[in-house]
Number of protein chains: 2
Amino acid sequence: MAYDLILQNIAKHISLTPAEKQYFTSMLKSEELKKKALVLREGQLCNNIYYVSSGILRAYHLDKDAKEATIMFALSDWWITDMFCFINCQPAMLFIEAVENSSIVGLQKKDLDQLLIEVPKFERFFRIIMQNAYIREQLRVIQNLSLSAEERYHSFLTKYPQVVKQVTQKKIASYLGITPEFLSSLKVNKTKN
Amino acid sequence: MAYDLILQNIAKHISLTPAEKQYFTSMLKSEELKKKALVLREGQLCNNIYYVSSGILRAYHLDKDAKEATIMFALSDWWITDMFCFINCQPAMLFIEAVENSSIVGLQKKDLDQLLIEVPKFERFFRIIMQNAYIREQLRVIQNLSLSAEERYHSFLTKYPQVVKQVTQKKIASYLGITPEFLSSLKVNKTKN
DNA sequence: TTAGATTCTTAATATACCTTAACTCCTTTG
DNA sequence: CAAAGGAGTTAAGGTATATTAAGAATCTAA
């Protein structure tokens, strides 16, 4: 079935009965995305959280000068949304696009709320998802504060080798908080050492 | 009782029976901290998560040049720990100190694990705590990537007016990722406009 | 298959922020 | 209460990174 992967993802942390699996998957909606398709744009209500079955998604923010800041890359088996706006039912501050052709599974906010009540085991699952997300962002804050651009780039290379292969340098630069030009010059200087 | 505040904090998200309250509080250990006392130092095993009953705590990281990066301030009614190391039972990468005399309540990792099994309602509570922490860090990443030092400072002033009153500028600078000298000069230029 | 768009590179110039240092004012501690 | 250390300020000079611009390489779509 189309929902094998997401069920495996959930089975990493909690065990569901067949009835619970059935109930859960009845809430899901799978979607195919073409490269460059947007699943969320700024200002739009953010109703869904997405599980990435295959491909790669990117969440980014546009600042007042229309400069992009990449907030996260979501590879297959990751969950992604504009969490603040999803939880608070507010217009999104982020764009989410498919970097490559991707298939995703969407779960709506109202269905998630109901799921957490009907099958409280899911509280544990999402506690772990949120916990991992928090830890990831906290490590990123530490690195942003204490490493140079070059050090952050090398850390990125070892942490996300998959992303490096599939994503343009421009997007990686916007994740690191530097310009593509400067990233380009970093690479040159590196090979000189 | 000493645990009134923490029980109220929990009651914001879940309802406990008297027996559950009793079971939960039996796991807690309250502690008084003098200003500048450390509750965690880098390299030490991070066994506890702390609820701040009063006062203010600060988590920071020391980089290879012994420069401090402030990761978070925890005012009263906040939870704080080195989450990565707490969850993975690893030596801490952070220091946590009392900025002022503070009283805190500690919960040990092994007790939390048991609590989550015995009283699954707590999964919901900690899901919400983690979710809020994730959202907070993500908003911080967005700001770090898309705002200038001056803009981040003004955002900090409106977001954490309490912290501004109780904490030295040196520490605020290290939260913003700038030097105290530069923060000082920002304030001067601001009053000129 | 070619035209146009986008990405990557290189280099010159510009700027936000850092470093160092000296001085003043507080706070802490003996 | 005095002494010492830490915090805040100011300013000169330095560096990491941004901006602009132009050319080469690569991708995209008609």
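None of the values given here were measured: they were computed from a predicted structure. Reminder, nothing fancy here: chain letters follow the sequence lines and each chain counts from 1.
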Whole-Å distance separating the CG atom of Leu186(A) from the P atom of dA16(D) = 11 Å
Within the structure shown, what part of the strands sits under 4.0 Å from Thr179(B) by heavy-atom distance: base, sugar-phosphate, or nothing?
-> base
Given the options Leu115(B), Val119(B), Ile10(B), Glu20(B) meets side-chain contact (heavy atoms from CB on, under 4.5 Å) only with Val119(B)
Which part of the nucleic acid does Lys67(B) contact within heavy-atom distance under 4.0 Å: base, sugar-phosphate only, or nothing?
-> nothing
Interatomic distance where CD1 belongs to Ile178(B) and C1' belongs to dT15(C) [whole Å] | 16 Å
Do the side-chain N or O atoms of Lys170(A) get closer than 4.0 angstrom to the phosphate oxygens (OP1, OP2) of dC8(C)?
-> no
Using a cut-off of less than 4.0 Å, is there contact between a side-chain N or O of Lys35(A) and OP1 or OP2 of dC27(D)?
-> no
The side chain of Thr168(A) lies closest to which of these nucleotides: dT7(C), dT9(D), dT17(D)?
-> dT7(C)
Rounded to the nearest angstrom, tell me the gap between atom OH in Tyr153(A) and atom P in dA16(D).
-> 19 Å
Could you please name the option among dT10(D), dC17(C), dC8(C) that lies closest to any side-chain atom of Ser184(B)?
-> dT10(D)
Using heavy atoms to find the nearest nucleotide of DNA chain D for Leu147(A) and Glu181(A) separately, return the residue whose nucleotide is more 5′.
-> Leu147(A)
Would you call Arg41(A) and Asp82(A) a salt bridge, taking side-chain N to carboxylate O under 4.0 Å as the test?
-> no
Find the distance Leu145(B):CG to dA18(D):C1' and express it as a whole number of Å.
-> 15 Å
d(CG, Asp63(A); P, dA18(D)) in whole Å | 13 Å
Whole angstrom value for the distance that separates P of dC27(D) from CG of Asn101(A) | 16 Å
In whole Å, what is the span from the NZ atom of Lys187(B) to the P atom of dA11(D)?
-> 16 Å
Between Thr70(A) and Ser174(A), is any side-chain donor less than 3.5 angstrom from a side-chain acceptor?
-> yes
Relative to the 5' end of DNA chain C, which residue comes earlier, Leu183(A) or Lys36(A), by the nucleotide with the nearest heavy atom?
-> Lys36(A)
Nearest-neighbour nucleotide for the Arg152(B) side chain, dT9(D), dC8(C), dC17(C) considered | dC17(C)
Residue that, paired with Phe122(A), satisfies side-chain contact (heavy atoms from CB on, under 4.5 Å) out of Ile129(A), Ile117(A), Leu112(A), Leu116(A) = Leu116(A)
In Å, rounded to the nearest 0.5 Å, how long is the span from CE of Met83(A) to CZ of Phe86(A)?
-> 7.0 Å
Minimum-distance nucleotide to Phe182(B) side chain [options: dT9(C), dT17(D), dC18(C)] = dC18(C)
Taking NZ from Lys34(A) and P from dT28(D), how many angstroms apart are they, rounded to a whole number?
-> 13 Å
